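Below is one structure, written out as C-alpha coordinates; comments come after it.
Only a predicted model underlies this, so the values are computations on that prediction, with no experimental measurement involved.
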Amino acid sequence: MTESLSQSEIPIHSDEEKAWLCAANNADLYQAVFRAHGRLDLRTGTFWSSDAIAPPYYSNMTTLDPNGVADQFVEIDRLTDRLGRRPSLKDGFSTLDLTGKGFRLLFTASWVWAEPCGTPACSTHGWERVRDATALNCWERAWKEAGSPSDAKVFPPSLLSEPDLHIYGRSTGHGFDAGCIVNRSAQTVGVSNIFSLFDTPPAFRDAVLLAGNAFSTDLPLVGYDHGIALDELLKLGFKPVGQLRVWLPEADT
(Lines give C-alpha, C1' and ligand atoms only; values in the text may rest on other atoms or scores of the structure.)
Protein backbone atom coordinates (compact mmCIF):
# COMPACT_ATOMS: atom_id res chain seq x y z
CA MET A 1 0.00 0.00 0.00
CA THR A 2 1.39 3.41 -1.01
CA GLU A 3 1.64 5.95 1.81
CA SER A 4 0.54 9.53 1.25
CA LEU A 5 3.00 12.37 1.37
CA SER A 6 3.23 14.31 4.61
CA GLN A 7 2.84 18.08 4.47
CA SER A 8 6.62 18.48 4.79
CA GLU A 9 7.16 16.26 1.72
CA ILE A 10 4.85 18.17 -0.63
CA PRO A 11 7.01 20.02 -3.23
CA ILE A 12 6.95 23.80 -2.91
CA HIS A 13 6.50 25.74 -6.15
CA SER A 14 6.32 29.45 -6.86
CA ASP A 15 3.16 30.75 -8.52
CA GLU A 16 5.12 31.11 -11.76
CA GLU A 17 6.14 27.44 -11.61
CA LYS A 18 2.58 26.45 -10.81
CA ALA A 19 1.29 28.33 -13.86
CA TRP A 20 3.82 26.44 -16.03
CA LEU A 21 2.59 23.12 -14.62
CA CYS A 22 -1.04 24.13 -15.16
CA ALA A 23 -0.32 24.98 -18.79
CA ALA A 24 1.53 21.69 -19.29
CA ASN A 25 -1.37 19.68 -17.85
CA ASN A 26 -3.82 21.49 -20.11
CA ALA A 27 -1.60 20.70 -23.11
CA ASP A 28 -1.65 17.03 -22.09
CA LEU A 29 -5.45 17.16 -22.25
CA TYR A 30 -5.30 18.81 -25.67
CA GLN A 31 -2.97 16.10 -26.94
CA ALA A 32 -5.32 13.37 -25.73
CA VAL A 33 -8.35 14.98 -27.40
CA PHE A 34 -6.57 15.60 -30.70
CA ARG A 35 -5.14 12.07 -30.62
CA ALA A 36 -8.65 10.69 -30.12
CA HIS A 37 -9.72 12.60 -33.25
CA GLY A 38 -6.74 11.25 -35.18
CA ARG A 39 -5.32 14.74 -35.66
CA LEU A 40 -1.58 15.36 -35.67
CA ASP A 41 0.03 17.84 -33.31
CA LEU A 42 3.38 19.33 -32.37
CA ARG A 43 4.79 20.00 -28.91
CA THR A 44 7.98 21.85 -28.03
CA GLY A 45 9.24 23.43 -24.84
CA THR A 46 7.46 26.69 -25.65
CA PHE A 47 4.15 25.69 -27.26
CA TRP A 48 1.74 22.95 -28.29
CA SER A 49 0.03 23.28 -31.68
CA SER A 50 -1.90 21.52 -34.43
CA ASP A 51 -2.55 22.68 -37.97
CA ALA A 52 -5.54 20.32 -38.23
CA ILE A 53 -9.09 21.59 -37.83
CA ALA A 54 -9.60 21.88 -34.08
CA PRO A 55 -12.62 20.29 -32.39
CA PRO A 56 -15.17 22.80 -31.05
CA TYR A 57 -13.96 24.67 -27.94
CA TYR A 58 -10.33 23.70 -28.58
CA SER A 59 -7.56 25.94 -29.87
CA ASN A 60 -4.94 25.31 -32.55
CA MET A 61 -2.18 26.44 -30.21
CA THR A 62 -1.40 26.84 -26.52
CA THR A 63 1.71 28.45 -25.09
CA LEU A 64 3.85 26.64 -22.49
CA ASP A 65 6.61 29.12 -21.64
CA PRO A 66 6.24 32.86 -20.98
CA ASN A 67 9.78 33.37 -22.26
CA GLY A 68 9.17 31.73 -25.63
CA VAL A 69 7.42 34.63 -27.34
CA ALA A 70 9.72 34.71 -30.40
CA ASP A 71 9.20 31.01 -31.13
CA GLN A 72 5.49 31.36 -30.51
CA PHE A 73 5.09 34.15 -33.08
CA VAL A 74 6.96 32.03 -35.63
CA GLU A 75 4.51 29.19 -34.99
CA ILE A 76 1.52 31.54 -35.21
CA ASP A 77 2.68 32.58 -38.68
CA ARG A 78 3.22 28.95 -39.70
CA LEU A 79 -0.28 28.00 -38.55
CA THR A 80 -1.72 31.01 -40.37
CA ASP A 81 -0.14 29.80 -43.61
CA ARG A 82 -1.37 26.24 -43.09
CA LEU A 83 -4.91 27.14 -42.02
CA GLY A 84 -5.43 30.09 -44.35
CA ARG A 85 -6.46 32.22 -41.38
CA ARG A 86 -5.24 33.16 -37.93
CA PRO A 87 -5.30 30.18 -35.52
CA SER A 88 -7.38 30.01 -32.38
CA LEU A 89 -4.91 30.44 -29.55
CA LYS A 90 -4.58 30.03 -25.80
CA ASP A 91 -1.91 32.42 -24.52
CA GLY A 92 -1.06 30.62 -21.31
CA PHE A 93 0.74 33.52 -19.64
CA SER A 94 -0.89 36.60 -21.20
CA THR A 95 2.45 37.55 -22.72
CA LEU A 96 1.52 37.79 -26.42
CA ASP A 97 0.44 41.19 -27.73
CA LEU A 98 -2.04 40.15 -30.42
CA THR A 99 -4.00 43.39 -30.64
CA GLY A 100 -4.26 44.57 -34.24
CA LYS A 101 -2.73 41.34 -35.55
CA GLY A 102 -5.89 39.64 -36.82
CA PHE A 103 -7.13 38.31 -33.49
CA ARG A 104 -9.95 39.15 -31.12
CA LEU A 105 -9.93 38.38 -27.40
CA LEU A 106 -12.53 35.78 -26.41
CA PHE A 107 -11.94 35.77 -22.66
CA THR A 108 -9.38 36.10 -19.88
CA ALA A 109 -9.15 33.38 -17.22
CA SER A 110 -7.05 32.26 -14.27
CA TRP A 111 -4.98 29.15 -13.80
CA VAL A 112 -5.87 27.63 -10.43
CA TRP A 113 -4.04 25.29 -8.09
CA ALA A 114 -5.04 23.25 -5.02
CA GLU A 115 -2.48 21.43 -2.92
CA PRO A 116 -2.92 17.65 -2.62
CA CYS A 117 -5.30 16.45 0.04
CA GLY A 118 -3.12 13.41 0.89
CA THR A 119 -6.06 11.30 2.10
CA PRO A 120 -9.03 9.69 0.33
CA ALA A 121 -12.13 11.89 0.25
CA CYS A 122 -15.69 10.93 1.08
CA SER A 123 -17.81 9.28 -1.61
CA THR A 124 -19.71 11.20 -4.27
CA HIS A 125 -23.25 9.89 -4.54
CA GLY A 126 -24.50 8.98 -7.99
CA TRP A 127 -21.25 9.65 -9.86
CA GLU A 128 -19.63 7.04 -12.08
CA ARG A 129 -16.81 6.76 -14.56
CA VAL A 130 -17.90 6.84 -18.22
CA ARG A 131 -16.56 3.66 -19.79
CA ASP A 132 -18.32 3.02 -23.11
CA ALA A 133 -19.46 4.83 -26.23
CA THR A 134 -23.17 4.78 -25.33
CA ALA A 135 -22.53 6.39 -21.95
CA LEU A 136 -20.14 8.90 -23.53
CA ASN A 137 -22.82 9.96 -26.03
CA CYS A 138 -25.21 10.59 -23.13
CA TRP A 139 -22.51 12.47 -21.23
CA GLU A 140 -21.63 14.69 -24.21
CA ARG A 141 -25.30 15.43 -24.86
CA ALA A 142 -25.65 16.71 -21.28
CA TRP A 143 -22.36 18.63 -21.53
CA LYS A 144 -23.65 20.43 -24.63
CA GLU A 145 -27.03 21.13 -23.04
CA ALA A 146 -25.29 22.67 -20.02
CA GLY A 147 -23.75 25.44 -22.11
CA SER A 148 -21.43 24.09 -24.79
CA PRO A 149 -23.64 23.71 -27.88
CA SER A 150 -22.20 22.11 -31.01
CA ASP A 151 -23.39 19.88 -33.82
CA ALA A 152 -19.96 18.25 -34.01
CA LYS A 153 -18.68 15.31 -32.00
CA VAL A 154 -16.20 16.70 -29.48
CA PHE A 155 -15.27 13.61 -27.44
CA PRO A 156 -14.73 10.45 -29.56
CA PRO A 157 -15.06 7.02 -27.90
CA SER A 158 -11.32 6.40 -28.38
CA LEU A 159 -10.75 9.04 -25.69
CA LEU A 160 -11.94 6.46 -23.15
CA SER A 161 -8.83 4.39 -23.91
CA GLU A 162 -6.47 7.13 -22.73
CA PRO A 163 -4.77 5.76 -19.59
CA ASP A 164 -4.28 9.18 -18.00
CA LEU A 165 -7.78 10.53 -18.60
CA HIS A 166 -11.07 9.76 -16.87
CA ILE A 167 -14.54 11.09 -17.70
CA TYR A 168 -17.08 11.15 -14.86
CA GLY A 169 -20.79 11.79 -14.84
CA ARG A 170 -23.59 11.95 -12.29
CA SER A 171 -26.13 9.39 -13.40
CA THR A 172 -29.86 10.04 -13.59
CA GLY A 173 -30.63 6.46 -14.54
CA HIS A 174 -31.21 7.37 -18.18
CA GLY A 175 -28.33 9.77 -18.73
CA PHE A 176 -26.25 12.32 -16.84
CA ASP A 177 -27.01 15.71 -15.31
CA ALA A 178 -23.44 16.67 -14.29
CA GLY A 179 -19.92 15.72 -15.25
CA CYS A 180 -16.23 16.49 -15.47
CA ILE A 181 -12.97 15.36 -17.08
CA VAL A 182 -9.89 14.49 -15.03
CA ASN A 183 -6.44 14.09 -16.60
CA ARG A 184 -3.12 13.16 -15.04
CA SER A 185 0.28 14.63 -15.84
CA ALA A 186 3.62 13.79 -14.26
CA GLN A 187 3.26 16.37 -11.47
CA THR A 188 -0.40 17.38 -11.45
CA VAL A 189 -3.97 16.22 -11.96
CA GLY A 190 -6.25 18.47 -13.99
CA VAL A 191 -9.99 18.88 -13.57
CA SER A 192 -11.95 20.47 -16.41
CA ASN A 193 -15.21 20.52 -18.33
CA ILE A 194 -17.20 20.64 -15.09
CA PHE A 195 -20.88 21.06 -15.84
CA SER A 196 -24.27 20.67 -14.20
CA LEU A 197 -27.80 21.00 -15.52
CA PHE A 198 -29.25 21.87 -12.12
CA ASP A 199 -26.98 22.48 -9.10
CA THR A 200 -23.65 24.11 -9.83
CA PRO A 201 -22.01 24.21 -6.36
CA PRO A 202 -22.55 20.50 -5.51
CA ALA A 203 -21.37 19.47 -8.97
CA PHE A 204 -18.14 21.44 -8.58
CA ARG A 205 -17.58 20.02 -5.10
CA ASP A 206 -18.09 16.45 -6.30
CA ALA A 207 -15.93 16.98 -9.41
CA VAL A 208 -13.06 18.22 -7.25
CA LEU A 209 -13.45 15.27 -4.85
CA LEU A 210 -13.38 12.85 -7.77
CA ALA A 211 -10.32 14.53 -9.29
CA GLY A 212 -8.48 14.39 -5.99
CA ASN A 213 -8.93 10.63 -5.82
CA ALA A 214 -8.95 9.59 -9.48
CA PHE A 215 -5.23 8.92 -9.84
CA SER A 216 -3.33 9.99 -6.74
CA THR A 217 -4.11 11.88 -3.55
CA ASP A 218 -0.50 13.11 -3.55
CA LEU A 219 -0.70 15.28 -6.67
CA PRO A 220 -1.98 18.87 -6.72
CA LEU A 221 -5.17 19.65 -8.61
CA VAL A 222 -5.01 22.23 -11.40
CA GLY A 223 -7.27 23.83 -13.97
CA TYR A 224 -8.45 27.16 -15.28
CA ASP A 225 -11.70 29.06 -15.42
CA HIS A 226 -13.33 32.47 -15.23
CA GLY A 227 -16.57 34.02 -14.01
CA ILE A 228 -18.94 31.98 -11.85
CA ALA A 229 -17.02 28.75 -12.45
CA LEU A 230 -13.82 30.35 -11.16
CA ASP A 231 -15.67 31.58 -8.08
CA GLU A 232 -16.82 28.03 -7.35
CA LEU A 233 -13.28 26.67 -7.59
CA LEU A 234 -11.93 29.39 -5.29
CA LYS A 235 -14.61 28.50 -2.72
CA LEU A 236 -13.31 24.93 -2.80
CA GLY A 237 -9.75 25.93 -1.88
CA PHE A 238 -8.14 26.58 -5.25
CA LYS A 239 -5.79 29.56 -5.53
CA PRO A 240 -5.19 31.65 -8.68
CA VAL A 241 -1.58 31.31 -9.83
CA GLY A 242 -1.54 33.06 -13.21
CA GLN A 243 -3.60 34.55 -15.98
CA LEU A 244 -4.27 33.30 -19.50
CA ARG A 245 -6.06 34.70 -22.53
CA VAL A 246 -7.93 32.91 -25.28
CA TRP A 247 -7.93 34.50 -28.73
CA LEU A 248 -9.93 33.75 -31.88
CA PRO A 249 -9.34 34.83 -35.47
CA GLU A 250 -10.78 38.30 -35.89
CA ALA A 251 -13.17 37.11 -38.62
CA ASP A 252 -14.78 34.47 -36.34
CA THR A 253 -18.09 35.35 -34.72
Side-chain angles (χ1 to χ4, degrees), residues 16-111 148 150 152-156 158-159 161-165 181 183-193 222-226 241-253:
E16 181 181 20
E17 291 170 330
K18 290 175 180 177
W20 283 46
L21 291 170
C22 289
N25 173 268
N26 185 246
D28 289 343
L29 174 62
Y30 264 64
Q31 287 194 282
V33 171
F34 274 68
R35 190 161 50 238
H37 280 274
R39 297 174 187 177
L40 298 178
D41 68 328
L42 171 67
R43 186 162 180 170
T44 72
T46 58
F47 63 82
W48 169 91
S49 72
S50 175
D51 55 23
I53 300 300
Y57 304 103
Y58 284 80
S59 301
N60 287 105
M61 179 176 171
T62 68
T63 65
L64 302 175
D65 183 343
N67 302 310
V69 171
D71 288 344
Q72 291 156 12
F73 271 114
V74 170
E75 181 62 8
I76 288 172
D77 288 341
R78 187 190 75 85
L79 290 172
T80 300
D81 289 341
R82 294 284 294 175
L83 295 167
R85 57 166 173 77
R86 284 302 199 186
S88 51
L89 170 69
K90 182 180 291 174
D91 175 10
F93 306 91
S94 297
T95 51
L96 298 178
D97 182 6
L98 300 176
T99 305
K101 294 182 171 67
F103 292 90
R104 67 176 180 87
L105 182 64
L106 181 62
F107 63 80
T108 298
S110 294
W111 295 116
S148 302
S150 174
K153 182 69 175 173
V154 181
F155 304 106
S158 55
L159 194 62
S161 299
E162 289 287 333
D164 293 322
L165 187 147
I181 295 179
N183 74 294
R184 174 177 56 186
S185 299
Q187 299 182 64
T188 59
V189 171
V191 57
S192 63
N193 293 275
V222 299
Y224 79 90
D225 232 313
H226 62 108
V241 295
Q243 194 172 75
L244 64 100
R245 294 185 295 209
V246 174
W247 298 83
L248 294 180
E250 201 167 47
D252 281 13
T253 58

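Applying the side chain to side chain donor-acceptor pair (under 3.5 Å) test to every pair with at least one member in residues 33-43, sequence neighbours left out, gives these pairs: Asp28-Arg43, Gln31-Asp41, Gln31-Arg43, Arg35-Glu162, Asp41-Trp48. Applying the ring pair (Phe, Tyr, Trp, His ring centres under 6.0 Å) test to residues at least two apart or on different chains, the pairs with a partner in residues 58-79 are Tyr30-Tyr58.
Residues passing the side chain to side chain donor-acceptor pair (under 3.5 Å) test with Asn60 are Ser88, sequence neighbours excluded. Looking at residues two or more places apart in sequence or on another chain, you find a salt bridge (Lys or Arg N to Asp or Glu O under 4.0 Å) between Asp77 and Arg86. With sequence neighbours excluded, no residue forms a side chain to side chain donor-acceptor pair (under 3.5 Å) with Asp91. Residues that satisfy the side chain to side chain contact (heavy atoms under 4.5 Å, CB included) test with Ala186, not counting sequence neighbours, are absent from this structure. Considering only residues two or more places apart in sequence or on other chains, Glu75 meets the side chain to side chain donor-acceptor pair (under 3.5 Å) condition with Ser49, Arg78. With sequence neighbours excluded, no residue forms a side chain to side chain contact (heavy atoms under 4.5 Å, CB included) with Ile53. With sequence neighbours excluded, the residues that form a ring pair (Phe, Tyr, Trp, His ring centres under 6.0 Å) with Phe155 are Trp139, Trp143. Residues forming a side chain to side chain contact (heavy atoms under 4.5 Å, CB included) with Asn67 (at least two apart in sequence, or on another chain): Trp20, Asp65.
Residues Tyr224 and Val241 fail the side-chain proximity criterion, which asks for heavy atoms closer than 4.5 Å.
Interatomic distance, Cys22 SG to Gln187 CD, rounded to the nearest 0.5 Å: 11.5 Å.
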Validation: residues 95-102 side-chain donor-acceptor distances under 3.5 Å, sequence neighbours left out:
unit_1: Asp97; atom_1: OD1; unit_2: Thr99; atom_2: N; d: 3.4
unit_1: Lys101; atom_1: NZ; unit_2: Asp97; atom_2: O; d: 3.1

